[in-house]
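Structure first, commentary second.
In what follows, every chain begins at residue 1, and chains take the letters A, B, ... in the order their sequences are listed. For clarity, every value in this text was computed on a predicted model and none was experimentally measured.
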2 protein chains.
Amino acid sequence: MPGKNVPPPLLYADTERSADALYFGRVNVPDAFIAFGRRGRKYAVVSALEFGRVRKMSDFDVVLPLEPYLKRAKELWPQRKPGAAEVIHLLAKEYHQSRFTVPEDFPAAVYEKLFELGLDLTVADGALFPGRETKTPAEAAAIREGNRCSALGFAAAERILRASRIGGRNLVSRGRVLTSEILKFAIEVACLEAGAVSANTIVAGGDQACDPHERGSGPLRPHELVIVDIFPRVGASGYHGDMTRTFLRGRASDAQRAIVDAVRAAQLAALKAIRAGANGRDVHGKVVDVFTARGHVTKHTPRGSVGFFHGTGHGLGLAVHEPPRMNGTVDHILRKNSVVTVEPGLYYPGVGGCRIEDVVQVTAAAPRMLSRYHYNWEFR
Amino acid sequence: MPGKNVPPPLLYADTERSADALYFGRVNVPDAFIAFGRRGRKYAVVSALEFGRVRKMSDFDVVLPLEPYLKRAKELWPQRKPGAAEVIHLLAKEYHQSRFTVPEDFPAAVYEKLFELGLDLTVADGALFPGRETKTPAEAAAIREGNRCSALGFAAAERILRASRIGGRNLVSRGRVLTSEILKFAIEVACLEAGAVSANTIVAGGDQACDPHERGSGPLRPHELVIVDIFPRVGASGYHGDMTRTFLRGRASDAQRAIVDAVRAAQLAALKAIRAGANGRDVHGKVVDVFTARGHVTKHTPRGSVGFFHGTGHGLGLAVHEPPRMNGTVDHILRKNSVVTVEPGLYYPGVGGCRIEDVVQVTAAAPRMLSRYHYNWEFR
């Protein structure tokens with residue numbers, strides 16, 4: 001919850017799209033609903049469809065049924081189609097609470113109507129719940145569990161890659177040409193078995209991997225780097241894991257070996273720089289320094305970029321990307337107990353892409369690893 | 001695109017959370033990015049991380065790199081942390097376009113800053129892209145494919161239920177007590193094999209199913225109704241399927257049989273009422289009539305609701321829930337080629353819950369079925 005002089009939070013969101021809404025009430029609600037704070041208590045207003053479940057299973061102190069408010073709003077404003085804004089207005093009057101803080105992603109339509117209805121809204125400058133940035137031991141454990149699922153995915157992918165046969169330009173697995181899709185399927189099943197959903201898994205080989213957000217498709221080739229990025233969401237907790245490994249089936253070239261070695265060295269340099277009070281921009285600078293020292297150049301061209309052209313890491317929790325950020329464009333002082341990914345990468349069409357990603361919790365000293373999988377990558 | 005006198009669209013969203021953004025550019029972008037229309041052309045502004053891929057694979061006519069705009073914004077406003085609003089302001093000046101329509105869920109923080117910067121924004125009253133409500137043949141085919149994945153999930157669940165053995169209060173499958181989790185795993189694997197991700201699958205038995213959004217957990221019991229609701233997202237297209245069947249392993253009671261029969265009869269009554277020009281509220285009324293005629297009462301109590309207390313259906317496409325709605329609270333005239341779910345349900349603790357859901361495309365005559373799975377439900 002925001003501090004004493006900050007107006008209490010007001011949300012209108014579903015918990016699939018809003019990690020804030022899930023953090024606030026600790027219950028899954030698939031359609032947008034109203035939630036707010038008042039004098040340290042948490043209120044939710046939900047439809048009959050959600051009422052019983054939210055009442056039983058959430059962190060909300062007060063759960064109100066939506067329908068009576070909608071009915072009153074219709075009586076009060078017969079001309080307009082009453083919705084969230086009108087209901088919030090009624091609640092504000094009933095609870096004598098007309099000042100709220102809304103998240104940056106609060107819907108503009110509701111914001112605009114509430115302004116017209118006279119509510120005093122402040123848009124949060126940054127996080128609505130700054131507490132989300134630092135993680136409790138239970139939250140760190142939930143993230144560790146997400147990374148355990150990622151690691152199960154790597155194990156499944158590695159097993160198939162190692163067992164595959166090199167047949168000319170193809171890898172052959174159980175008589176089939178091995179593809180990104182086959183590896184993704186094995187990874188996603190491994191995550192499901194462990195209770196997590198891995199959506200948008202990346203298995204990208206060769207030049208495909210040089211677009212860091214390309215998910216990958218089609219045949220995987222021998223002697224090519226394959227980036228495998230797995231960020232599953234654990235069903236029970238809603239928290240994510242997020243890890244990346246880069247594999248190669250066959251024999252690596254010197255150029256491939258050089259970028260893999262550089263990326264791992266850069267990751268170790270970043271890990272060494274991460275501690276409470278450090279600036280994320282400086283951590284990112286350590287990665288850049290390693291690449292520069294080894295002669296791995298970054299270039300932006302009209303058709304795309306090569307080298308290292310994304311951030312070194314991001315916060316991880318109920319969202320895959322959340323504060324803090326560690327990149328070259330913003331200053332972000334790392335707080336004790338925040339959880340970040342550490343994921344340098346290098347991308348050169350013709351050579352391939354390599355990214356290695358782990359997750360750590362920031363402490364006053366060396367960061368605590370929340371992810372574990374080995375760093376062997378060349379499967380001859 | 002909006003009509004001639006409507007200002008062109010402006011979006012700031014990622015395509016995971018915003019179906020509008022995916023519809024506009026037809027490319028997956030996992031982090032929020034700026035997109036807008038101008039004189040019938042589509043513009044996107046993306047970071048170096050996305051640039052090459054979006055340029056190659058999207059429907060955008062012009063793809064601009066974000067970084068130079070951020071740099072200019074920093075020079076212009078050295079005091080503030082420049083972000084999306086400042087970049088949009090620069091673009092508006094460069095392209096002589098200061099009026100835009102933004103979606104209802106446009107982020108309030110950007111909306112507020114753009115207002116201060118003097119842009120003339122209109123929040124869409126309803127859909128930003130009204131064309132999303134009606135589906136082209138290709139979109140209908142993509143939804144049919146999603147439902148094919150749902151049906152594969154039912155087949156997997158049915159196979160396991162039929163093969164399970166009744167052992168006292170439990171169902172036993174391959175020596176293990178059969179649980180919601182086991183069925184969900186089999187369903188989700190079946191969807192993955194077919195190229196779709198089924199998140200939040202519902203497999204809820206007995207009284208658990210009386211909360212329609214309860215996903216279900218733990219042992220499934222013999223002689224209890226089990227609601228199975230599968231709404232996978234097809235990876236290749238981004239479109240969803242959404243189907244529900246209710247199964248029972250063992251012998252149904254008269255009360256269970258009565259609600260299953262009523263729900264199917266109500267679904268048929270709704271299907272008969274669906275055609276272009278019909279009001280969704282009237283379609284919903286047909287369902288209510290069937291339940292009323294058969295004596296299935298709906299009640300709202302302080303601890304929750306029983307009977308039929310959700311809408312009859314909703315639009316389906318890039319989002320699982322989108323216009324049109326068919327429920328008892330809003331008038332919504334169904335348009336030709338829109339796609340809706342038809343999903344009446346009855347929920348009575350002690351008896352259990354039943355929901356049957358199919359998907360149709362609205363035509364001038366009888367609706368076109370976009371989903372197919374049989375309606376047998378009692379597996380003795």
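Between chain A and the residues B:Pro107, B:Ser217, B:Ala13, the most heavy-atom pairs under 4.5 angstrom are made by B:Pro107. Put simply, of B:Val197, B:Val102, B:Asn28, the one with the most heavy-atom pairs under 4.5 Å next to chain A is B:Asn28. With chain B as the partner, the residue from A:Glu193, A:Glu67, A:His300, A:Arg233 showing the most heavy-atom pairs under 4.5 Å is A:Glu193. The candidate from B:Ala48, B:Gly52, B:Gly195, B:Pro103 with the greatest count of non-hydrogen atom pairs under 4.5 Å with chain A is B:Ala48. By number of non-hydrogen pairs under 4.5 angstrom with chain A, the leading residue of B:Ala32, B:Ala199, B:Pro30, B:Ser18 is B:Pro30. When the candidates B:Asp331, B:Val330, B:Val123 are compared by the number of heavy-atom contacts under 4.5 Å with chain A, B:Val123 comes out ahead.
B:Phe51 touches chain A through its side chain: at least one heavy atom from C-beta onward sits under 4.5 Å away, while N, CA, C and O do not. For B:Thr329, the parts lying under 4.5 angstrom from a heavy atom of chain A are both the backbone and the side chain. Only the side chain of B:Glu16 comes within contact range of chain A, with at least one heavy atom under 4.5 Å from a heavy atom of that chain. Within the 4.5 angstrom heavy-atom criterion, atoms from both the backbone and the side chain of B:Val189 approach chain A. Using a 4.5 Å cut-off between heavy atoms, A:Lys184 does not touch chain B at all. The contact between A:Tyr111 and chain B is made entirely by side chain atoms (from C-beta outward), counting heavy-atom distances below 4.5 Å. Only the side chain of B:Asp31 has a heavy atom closer than 4.5 Å to any heavy atom of chain A. Looking at B:His321, the atoms closer than 4.5 Å to chain A (heavy atoms on both sides) all sit in the side chain, from C-beta outward. Of the two parts of B:Asn200, only the side chain, counted from C-beta on, holds a non-hydrogen atom closer than 4.5 Å to a non-hydrogen atom of chain A.
Taking both residues in full, the closest heavy atoms of A:Ala209 and A:Ala204 are given as CB-O, 3.3 Å, listed atom of the first, atom of the second, then distance. Closest approach of B:Leu318 and B:Leu22 over heavy atoms only: CD2-CD2, 3.9 Å.
Between B:Asp105 and A:Arg17 there is a salt bridge, since at least one side-chain N of the basic residue sits less than 4.0 Å from a carboxylate O of the acidic one. A:Glu50 has a carboxylate O that lies under 4.0 Å from a charged side-chain N of A:Arg53, or vice versa, which qualifies the two as a salt bridge. Ionic pairing of B:Asp211 and A:Lys56 is present here: one or more N-O contacts between side-chain nitrogen and carboxylate oxygen are shorter than 4.0 angstrom. Salt bridge absent: A:Asp229 and A:Arg215 never bring a charged side-chain N and a carboxylate O closer than 4.0 Å.
Donor-acceptor pairing under 3.5 Å is recorded for the side chains of A:Thr201 and A:Glu188. A donor atom on one side chain and an acceptor atom on the other are not found under 3.5 Å apart for A:Thr312 and A:Glu343.
Within the 4.5 Å cutoff, side-chain heavy atoms of A:Tyr69 are placed close to those of A:Leu64. A:Leu114 is listed as a side-chain neighbour of A:Phe106, based on a closest heavy-atom distance under 4.5 Å.
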